[in-house]
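Have a look at the structure below, then the notes.
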Amino acid sequence: MNTLITLERDGNVALVYINNPPVNAGSLGVRQGLLEAIKQVEDSSDLIGAVLIGAGKMFIAGSDLSEFGKPLENPQLPEVISAIEQCSKPIIAAIHGAALGGGFELALGCDARVACEGSLLGLPEVTLGMIPGAGGTQRLPRLTGIPKAIELICAGTRVSTADALALGMIDAIAEGDLASFAANYVRNMNGKCRVRDRHPQPCDASQIELVSAKALKAGKNRPQVRLAIDAVLNAANQPIDLALTSEREVFQQLRMSNEALALRHLFFAERQSAKRVELKNVEPQPVSRVAVIGAGTMGSGISLAILQAGLDVVLLEQDEAALRRGQERIAGEYMRRVKAGRISQAQADTELSRLHASTDWAHIASVHLVIEAVFEDLTVKRNLLRQIEPLMDKDAIFATNTSYLDVDQIAEVAKYPQRVIGLHFFSPANVMRLVEVVRGMYTAAEALSTGFAVVRRLGKLPILANNAFGFIGNRIYAAYRRECELMLEEGALPAQIDAAMESFGMAMGPFAVADMSGLDIAWRMRQARSPLRDGNARYVDIPDLLCEKGHFGRKTGSGYYLYDEQGRRSEDPSVSDLIVQESMRKGIERRAFSRDNIVDRALLTMANEAALLLAEGVTTRSSDIDLVMINGFGFPKWEGGPSFWAARQSLSNLMARLETMASTSGPGFVKGDLAMFHHLDALQQGASTA
Ligand code: NAI
């Protein structure tokens, strides 16, 4: 046996330890070792059975995903599970920590499952663009029934120990020492008890239809969701060996699909984003009390996110009425969540009791972190920092939620600029997972590390950006939006561009987004930045002309679209006329755009801007850019993000398309080096350790 699998004894029961730190991923070596261990159990006449158990923190967190981008080497997992089932002695799984994916499939191949409190069990393959491929779709429904198995597999639900017991996924909750409990459990068993020998409980066709429809909707109709449902249904309709073969075939095909590659890329991207050399060995400061300044849209949302994470919030405002409105927004959101049954009234009361709203700045002395969400105006923000810094604790950190302002220009007015960072939340801040953590030129490592730790504590995804206009996300989004505006002048209409981008998978098209955010905000920003604009660059006047006509977007009932009382949008002929007239005025001959023309140009722009950001050092990781666009801007995760998209294109073709786009877009378009994405092979293959 190899070092990954070791065999110990508890009397007449073998304890087969899986020891592949840090998460006991099921790798080739683990599978080989398990096969040998099973054979040894079979061959040892003094052993009556065995326990599979994880060394360290968990059972098995899943299969080693780094193997998934290449042909899988034998023995594969179904062979190991088959050996367990064919072994004449009972073999059980003793679970602690996590038994997920292939780890849980291994447990399902055992004769019983016992688990400690606090474990998580489940089959998350669908969330990685695949279906379970080692019997999960056949064995789970034999324990939970078909409808529940569809629900759990399609959503990739991680089930707690107590729920797993109630659903039949485990046979007992372990008490005391897990290994001894499990060994005794084996001694009390009456021989083999294979899951494959059971039949799924009969159920109503209407119930299956209902859960399937729900799962497809929640899973955005992705192919793997439908295929997972079909596979689970086979458990009722086909002999198990036939169903297992077809499950494996589907798994093998999906494993190499673009979607699975994209989702694995994002999985590794998140893991990598958590490991920052800059922050290695830099301890974050403890934060349990945060001041949020400004009780507007963002201040309220940020306060909610902090309260939900169990920290205290001091919400400060300059304006009594604005403070009250902010408090009402926060309390209203809690009321909605209680009404929807998402939290209890008691929990809502506890969390709300940690909110202290005030217009008295003296309260700032007690906090470890200040997050300002006041008006987007450099002078306002600088004055605020000047005013509150003397009141803050000497170690407290000041974070600005600015979208576009220069963090260094804000920090400059501070006595301790090293304690200034950016924490750029996205709206609605209590929902959106992304937070850009901005490092200014003065920012100290401790402040940055604290920012990262707080964002993680809020259950959000921190991504490092160096101080630059628009940081990562807004900068790429601005380039994308500009290119879409150019397409308006050249022949497309807003609804056509939005439909194209939504069909690609963007949560909303760019013009629907613009209407939702309010056209006046971008207008004001363009006015403020007009002295900096390159006079030779091509400039689309359409958004300004709309604003001049009072089309500020959804809130005024008209923007790029018209909105009725219910907020439903329809095309506005006056906007189409305005666009056509603008083309004429500029002497641009309008031409037809296909859906693919639009999508390709939009993606090329995003990838191009990503390359510029990397070249300028705003970020050092293309995978971070992908995480930003997916978690903050509605880019479809099954497409992996703009860098992933670029890396999957033929390079020569990509470069040729960029040349064409640059000449069509005209003056002001800056080309990036798209070849850089092709140097990032790991990005395509997800070749990293799980
Ligand atoms: P808002 O206008 O809804 O709220 C701003 C609040 O700050 C107002 O209630 C105002 O009374 C208060 N305020 C202004 N000056 C103050 C001062 N000196 N002291 C105390 N309170 C003061 O604005 P919103 O949308 O919440 O934006 C706030 C910040 O967040 C801006 O910097 C904005 O760029 C940024 N941001 C906004 C996003 C959005 O989608 N709205 C997204 C990400 C960042």
Side-chain angles (χ1 to χ4, degrees), residues 291-306 313-330 333 357-364 367 370-389 391-392 398-407 409-410 413 420-438 455 460 463 465 467 469-475 477-478 481 507-508 513-526 528-529 552-555 628 631-634:
V292 176
I293 307 187
T297 313
M298 293 309 286
S300 320
I302 295 169
S303 300
L304 271 164
I306 300 172
V313 173
V314 180
L315 180 61
L316 295 169
E317 251 290 343
Q318 58 179 8
D319 174 348
E320 285 283 357
L323 184 65
R324 240 190 341 271
R325 282 196 302 275
Q327 275 178 290
E328 280 163 13
R329 256 199 299 271
I330 294 169
E333 176 60 22
S358 177
T359 49
D360 178 0
W361 299 106
H363 291 291
I364 221 161
V367 308
V370 176
I371 302 176
E372 73 76 16
V374 302
F375 300 137
E376 182 76 346
D377 180 299
L378 185 61
T379 312
V380 172
K381 292 194 194 282
R382 282 162 67 112
N383 285 345
L384 174 80
L385 179 52
R386 268 197 204 99
Q387 181 190 353
I388 64 168
E389 194 186 30
L391 306 174
M392 285 166 55
F398 178 90
T400 170
N401 181 47
T402 181
S403 310
Y404 291 99
L405 297 174
D406 184 330
V407 173
Q409 283 187 17
I410 299 174
V413 302
V420 176
I421 58 171
L423 285 182
H424 184 215
F425 288 79
F426 290 76
S427 182
N430 51 317
V431 176
M432 299 293 284
R433 213 174 146 233
L434 175 69
V435 179
E436 288 174 323
V437 182
V438 184
V455 173
K460 297 189 181 292
I463 298 289
N467 181 35
F469 179 75
F471 313 124
I472 299 173
N474 279 338
R475 163 93 181 261
Y477 201 83
R481 194 143 89 184
M508 274 171 101
V513 171
D515 274 1
M516 194 181 67
S517 331
L519 303 189
D520 51 327
I521 295 174
W523 189 30
R524 254 181 281 134
M525 199 173 75
R526 281 195 300 277
R529 291 181 60 84
F552 288 167
R554 199 182 270 196
K555 62 188 170 195
V628 165
N631 292 284
F633 292 84

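As the structure lists them, so they are numbered: ligands from 1, and atoms in each ligand from 1.
- Once rounded to the nearest 0.5 Å, the distance linking CZ of Arg554 with CG of Leu519 reads 12.0 Å.
- Contacts between Lys381 and ligand 1, counted as non-hydrogen atom pairs separated by less than 4.0 Å, involve the side chain only.
- Here the straight-line distance linking atom CG of Asp520 with atom CZ of Arg526 works out to 10.0 Å at 0.5 Å rounding.
- Polar contact check, Asn401 against ligand 1: a nitrogen or oxygen pair lies under 3.5 Å apart.
- Ranking the protein heavy atoms by distance from atom 5 (C) of ligand 1 puts Ala373 O, 3.6 Å first.
- Atom CD1 of Ile410 is separated from atom CG of Asn383 by 11.5 Å, given to the nearest 0.5 angstrom.
- Listed for the Glu320 side chain is no donor-acceptor partner under 3.5 Å among the backbone atoms of Thr359.
- Note: no N/O pair closer than 3.5 Å links Ala322 and ligand 1 by distance alone.
- Each of Ile293, Ile302, Val292 was evaluated against Leu315; a single residue qualifies, Val292, per the side-chain contact (heavy atoms from CB on, under 4.5 Å) test.
- With a heavy-atom cut-off of 4.0 Å, Ile293 touches ligand 1 through its side chain alone.
- Remark: minimum distance from atom 36 (N) of ligand 1 to any protein heavy atom is reached at Ser403 OG, 3.3 Å.
- At the top of the distance list for atom 3 (O) of ligand 1, counting protein heavy atoms only, stands Thr297 N, 3.0 Å.
- Of the N or O atoms in His424, none lie within a sub-3.5 Å distance of an N or O in ligand 1.
- At the shortest separation from atom 18 (N) of ligand 1 among protein heavy atoms lies Gln318 OE1, 3.5 Å.
- Annotation: side chain of Tyr404 is in contact with side chain of Glu376 (closest heavy-atom distance under 4.5 Å).
- Two residues are said to be in side-chain contact when any heavy atoms from C-beta on lie closer than 4.5 Å; Ile421 and Val407 fail this criterion.
- Ile371 has its side chain within reach of Ile306: a pair of non-hydrogen atoms, C-beta onward, lies under 4.5 Å apart.
- When heavy-atom distances to ligand 1 are checked against a 4.0 Å cut-off, Phe426 has no atom that comes that close, whether in backbone or side chain.
- The nearest protein atom to atom 40 (O) of ligand 1, hydrogens excluded, is given as Ser427 CB, 3.3 Å; this is a heavy-atom distance.
- Not a single donor-acceptor pair under 3.5 Å links the side chain of Arg475 to the backbone N or O of Phe469.
- Summary of contacts: the protein heavy atom closest to atom 27 (O) of ligand 1 is Met298 CG, 3.8 Å.
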Show the atom names and distances, to 0.1 Å, of all donor-acceptor pairs under 3.5 Å that link a side chain in residues 422-433 to residues at least two apart or in another chain.
| residue | atom | partner | partner atom | Å |
| --- | --- | --- | --- | --- |
| His424 | ND1 | Glu436 | OE1 | 2.9 |
| Arg433 | NH1 | Glu270 | OE2 | 2.9 |
| Arg433 | NH1 | Asn631 | OD1 | 3.3 |
| Arg433 | NH2 | Glu270 | OE1 | 3.0 |
| Arg433 | NH2 | Glu270 | OE2 | 3.4 |

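- Remark: among candidates Glu376, Glu320, Arg325, the nearest residue to atom 33 (C) of ligand 1 is Glu376, based on non-hydrogen atoms.
- Nearest protein heavy-atom contact of atom 31 (C) of ligand 1 is Val374 O, 3.3 Å.
- Ligand 1 has an N or O atom lying under 3.5 Å from an N or O atom of Glu317, backbone or side chain.
- Using a distance-only test at 3.5 Å, with no hydrogens or angles considered, no donor-acceptor pair links the side chain of Thr400 to the main chain of Glu372.
- For Thr402, no nitrogen or oxygen atom sits less than 3.5 Å from a nitrogen or oxygen atom of ligand 1, counting backbone and side chain alike.
- Of all atoms in ligand 1, listed by their number and element, those nearer than 4.0 Å to a heavy atom of Phe375 are 2 (O), 5 (C), 8 (C), 10 (C), 14 (C), 15 (N).
- For atom 43 (C) of ligand 1, the closest non-hydrogen atom on the protein side is Phe425 O, 3.2 Å.
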